[in-house]
Amino acid sequence: MTLHFVESAPPGRTSGTPVVLLHAFPMDSLLWAAQRKSLAKAGHHVITPDLPGFGGSPLPEAEPSLDVYADELARLLDHMTVQRAIIGGLSMGGYATMAMLRRHPDRVAGIILADTKAGADAPAAVQARLAMAEGVLAANGQEQVVQAMLPNLLGATTLASRPEVVAAVRRWVLAQRPAAVAWAQRAMAARPDSGPDLAAFSGPALVLYGSEDVLIPAAEAQSMVAALTAGGAGVTAVEIPGVGHLSAAEDPQAVNSALAKWLGGLPT
Ligand code: MLT
């Protein structure tokens with residue numbers, strides 16, 4: 001499989017360490033469109049893939065596992081002749097980033113973990129994921145996924161005052177295939193604890209979290225910082241105020257500036 005992706009780079013520049021940004025569940029690379037454009041203007045080569053099954057990428061035939069996302073991303077990097085990249089992801093994209101640390105650590109020059117967490121799911125959360133997987137396949141549509149997720153994906157400020165963001169996220173979720181949503185839920189339900197993978201990483205790391213995130217609270221960001229610090233990684237943590245779980249969409253300017261500042265401080 002070749003993952004569908006969109007890339008941006010300043011004219012004439014595709015050298016330097018590329019930045020790969022992986023989207024959240026259940027949407028596609030449109031989540032990172034504002035960051036891709038803004039970071040390319042700041043001189044970075046940015047690649048935003050659609051994870052397997054989402055957007056323009058085919059659904060995997062393999063059993064659901066985040067390892068498949070990592071392996072397909074490594075294959076995409078091969079295809080683009082990119083040896084190492086800064087890999088980042090928001091929420092499920094963060095889980096996929098941590099799967100890259102497990103499966104292909106030699107391809108990871110730095111990590112960005114946005115609105116995500118290292119721990120595996122508790123049994124009740126696993127059951128809820130498996131139930132959503134069944135439900136979305138039975139309904140053969142995404143409306144119930146939107147109803148179930150939208151109020152928690154977005155922060156209180158966005159729900160009250162950014163109707164264009166609410167409408168865009170609704171569109172992104174409705175555009176996905178039920179089979180991809182079910183596959184991803186089963187893959188996330190099976191994911192292991194990534195704390196040891198963070199502790200084994202010694203490169204640069206940026207941890208971003210929204211102050212109004214009710215799906216993954218700030219304490220999870222603090223645990224990732226602790227695991228990374230214990231392993232000797234250089235960690236920067238940034239709280240994005242007034243946003244919930246989808247920080248990149250809720251306040252693109254704030255996330256763009258946090259990313260640009262951190263990337264700008266890395267050795268070239
Ligand atoms: C996401 O935003 O990617 C999901 O909320 C992640 C999850 O369900 O754990």
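Quick caveat: nothing in here was measured; it's all calculated off a predicted structure. Remember, it's 1-based here, ligands and their atoms both numbered in the order they're listed.
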Show the numbers, then the answer: is there a ring-ring contact (aromatic ring centres under 6.0 Å, His included) between W183 and Y69?
CA-CA 11 Å; W183 197 100; Y69 288 175; 5.5 Å; yes

Decide yes or no on side-chain contact (heavy atoms from CB on, under 4.5 Å) for Q35 and L259, but give the supporting numbers first.
CA-CA 8 Å; Q35 287 71 37; L259 293 176; 3.7 Å; yes

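Across Q185, M92, H245, heavy-atom proximity to atom 5 (O) of ligand 1 is greatest for H245.
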For residues 106-115, which side-chain donor-acceptor pairs fall under 3.5 Å, sequence neighbours excluded?
from: R107; atom 1: NE; to: Q83; atom 2: O; distance (Å): 2.7
from: R107; atom 1: NH1; to: D78; atom 2: OD1; distance (Å): 2.9
from: R107; atom 1: NH2; to: D78; atom 2: OD1; distance (Å): 2.9
from: R107; atom 1: NH2; to: V82; atom 2: O; distance (Å): 2.8
from: D115; atom 1: OD1; to: G210; atom 2: N; distance (Å): 3.1
from: D115; atom 1: OD2; to: S247; atom 2: N; distance (Å): 3.4
from: D115; atom 1: OD2; to: S247; atom 2: OG; distance (Å): 2.5

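Annotation for ligand 1: atoms under 4.0 Å from non-hydrogen atoms of L215 are 5 (O). Shown in contact with S91 at under 4.0 Å from a heavy atom are these atoms of ligand 1, numbered in order with element: 1 (C), 2 (O), 3 (O), 4 (C), 5 (O), 6 (C). Listed by number with element, the atoms of ligand 1 under 4.0 angstrom from any heavy atom of R129 are 7 (C), 8 (O), 9 (O).
By the 3.5 Å distance cut-off applied to N or O atoms, L246 is not counted among the residues near ligand 1. Checked by distance only, ligand 1 and L153 stay at 3.5 Å or farther apart across all their nitrogen or oxygen atoms.
In this structure E134 satisfies the side-chain hydrogen bond (donor to acceptor under 3.5 Å, both in side chains) test together with R186, sequence neighbours excluded.
The neighbour count for Q147 CD, taken as heavy atoms of other residues, nucleotides or ligands under 6.0 Å away, is above 12.
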